[in-house]
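Protein chains get the first letters and strands the later ones, always in sequence-line order, with residue 1 at the start of each.
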There are 2 protein chains.
Amino acid sequence: MTQAFNARVLTAIDDLPGSLAQRVYQSLQEAIMSLTFPPGTLIRKGAICDELGVSRSPVSEAITRLASEGLVDVIPQSGTRVARFSIEEIREAAFMREALEVAAVEKVARDHTPDQYAKLARNVRLQAMLVEDHDTAGFYQADEEFHALLMEFTGFPGVAAAVSTIALKLKRPRMLLLPEPGRNDNAVREHLAIVEAIRDRNPDEARSAMRYHLAQLVSRFDPLEKEHPEFFRSRQSH
Amino acid sequence: MTQAFNARVLTAIDDLPGSLAQRVYQSLQEAIMSLTFPPGTLIRKGAICDELGVSRSPVSEAITRLASEGLVDVIPQSGTRVARFSIEEIREAAFMREALEVAAVEKVARDHTPDQYAKLARNVRLQAMLVEDHDTAGFYQADEEFHALLMEFTGFPGVAAAVSTIALKLKRPRMLLLPEPGRNDNAVREHLAIVEAIRDRNPDEARSAMRYHLAQLVSRFDPLEKEHPEFFRSRQSH
DNA sequence: CAATGTCAACTAACATGTTAGAAATGATTT
DNA sequence: AAATCATTTCTAACATGTTAGTTGACATTG
């Protein structure tokens with residue numbers, strides 16, 4: 001046969017919560033984020049419908065949302081494909097993320113409660129443990145939780161939501177980064193510096209600590225275009 | 001008759017560009033922003049379809065987008081109504097806008113070209129003229145353009161888009177604000193301070209000038225809840 | 001009269017049929 | 001062989017039919 005008839009690659013939607021459209025969105029998002037659908041993949045509505053056993057309505061709605069988040073490109077009257085990376089878009093996402101996280105950490109440094117500080121400090125101690133145990137996946141999760149906690153503590157749920165949408169764009173290229181020895185140790189130290197500035201209610205210090213921390217990630221993205229040109233938007237028109 | 005049979009309040013979609021869904025979105029958005037559909041209004045898909053002469057598909061898509069921007073609340077399996085204000089949401093939007101605009105103006109202060117500076121300076125001179133002529137509407141437009149220019153000059157189109165989406169949420173309550181004598185004069189002065197900091201390539205000064213400027217607007221929102229309680233989300237459940 | 005249960009009317013969500021336009025394919029011409 | 005052009009085959013976008021859940025009016029009961 002020319003091709004394994006139809007690879008079942010999407011996660012089942014039966015166990016997910018919410019509307020059908022919401023569940024289809026999650027399933028597709030995971031496939032895109034995990035690079036199961038690598039950049040450039042053509043998305044076939046019909047195939048998705050067959051595989052998930054739903055009609056085109058929820059699939060269309062899910063795709064519309066993915067398009068609004070920049071994860072797919074819709075070509076009118078033609079087709080939809082998984083968005084390729086572009087250095088400019090990555091820089092843009094990093095810029096917006098920095099803007100929001102820096103403002104958030106400044107506010108948290110000013111307004112936080114003892115309980116909030118305790119949760120942050122506990123999370124960083126957990127991070128240190130996980131790094132010591134070389135539990136990369138665990139550290140990655142704790143790292144995400146650390147940032148999520150900070151956003152939550154602004155008291156603005158929309159800020160947390162916006163940042164995680166923006167972070168989606170950075171997560172995908174991040175999966176291509178090679179692990180860098182000692183990076184996680186440094187990340188924990190940087191997190192600790194942020195938490196200490198919060199503890200001291202020092203917004204300026206918190207801001208520059210966060211800024212430094214986020215800059216570490218961005219600096220690693222630049223060489224990516226040469227390593228994985230197939231994932232990047234080609235510059236010439238055709 | 002009990003009620004003028006069906007008020008034609010939506011702007012026609014025939015002249016607008018883009019897909020049907022996009023045009024319906026614009027028409028609805030204008031009705032919401034201009035308070036033609038005041039907060040709390042029930043949105044009847046059938047009525048919209050009849051009035052604009054389109055099917056439910058583009059209307060649904062438009063409403064989905066309005067919902068994602070927080071301009072309407074969709075009650076699952078029940079109905080959709082124009083979102084009421086809440087002080088918390090206004091503060092949140094103001095927070096996010098400040099975060100992004102402050103970061104943007106810092107970047108522009110660092111990286112701007114002579115041409116970009118010239119455009120900003122020219123815009124502020126225009127503002128001064130318009131205020132002198134008591135052309136409130138003209139000033140309002142120039143004001144919006146000033147901020148749009150700044151966002152554009154970051155070189156990140158997504159930043160401009162995100163800020164204008166956020167600004168949507170602030171625009172509606174802003175329409176309820178009473179004109180405050182001398183406010184526009186001050187606004188021009190604040191804009192000038194921003195432009196001068198940019199000219200001097202002084203990011204810190206640009207940031208604090210922008211921060212001060214945006215704070216002026218937010219401070220005027222607080223009394224709004226008492227003046228127009230009907231537009232605000234009631235706290236008690238029913 | 002208040003509380004409750006029933007029912008009709010309405011809606012969002014989903015399924016499916018239709019249309020028009022883009023892109024790839026292949027035939028035709030140069 | 002290269003370029004052009006018609007045709008076929010995709011697709012997104014739109015229209016419309018169907019389903020199931022929520023709401024509110026109203027009758028019924030305590």
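A/Ile75 has its CD1 atom 17 Å from the C1' atom of C/dA20, to the nearest Å. Between the CG atom of A/Asp73 and the C1' atom of D/dT11 there is a distance of 16 Å, given to the nearest Å. Taking atom CG of B/Leu20 as the reference point, atom P of D/dA12 lies 17 Å away to the nearest angstrom.
A sub-4.0 Å separation between OP1 or OP2 of C/dT11 and a side-chain N or O of B/Arg44 is present. Remark: B/Thr80 is not in phosphate contact with C/dT11, judged by side-chain N or O atoms under 4.0 Å from OP1 or OP2.
A salt bridge is defined here as a Lys NZ or Arg NE, NH1 or NH2 lying under 4.0 Å from an Asp or Glu carboxylate O, and B/Glu144 with B/Lys171 meets this definition. Between A/Arg211 and B/Glu106, at least one side-chain N (NZ, or NE/NH1/NH2) sits under 4.0 Å from a carboxylate O, which counts as a salt bridge.
In this structure, of C/dT18, C/dA13, D/dA12, it is D/dA12 that holds the atom nearest to the side chain of A/Val74. Taking every side-chain heavy atom of B/Pro58 into account, D/dA15 is the closest of D/dA15, C/dA15, D/dA12. Checked against D/dC14, C/dA15, D/dA12, the side chain of A/Ser55 finds its nearest nucleotide in C/dA15. Minimum atom distance to the side chain of B/Arg56 is reached by D/dT16, of the listed C/dA23, D/dT16, C/dT16.
Side chain of A/Ser27 to backbone of A/Thr11: a donor-acceptor contact under 3.5 angstrom is found.
Under 3.5 Å, the side chain of A/Ser78 and the base of D/dA12 form no donor-acceptor pair of N or O atoms. Remark: the A/Ser57 side chain and the C/dA15 base include a donor-acceptor N/O pair separated by less than 3.5 Å.
Of the N and O atoms on the side chains of B/Gln29 and B/Arg65, not one donor lies less than 3.5 Å from an acceptor on the other residue.
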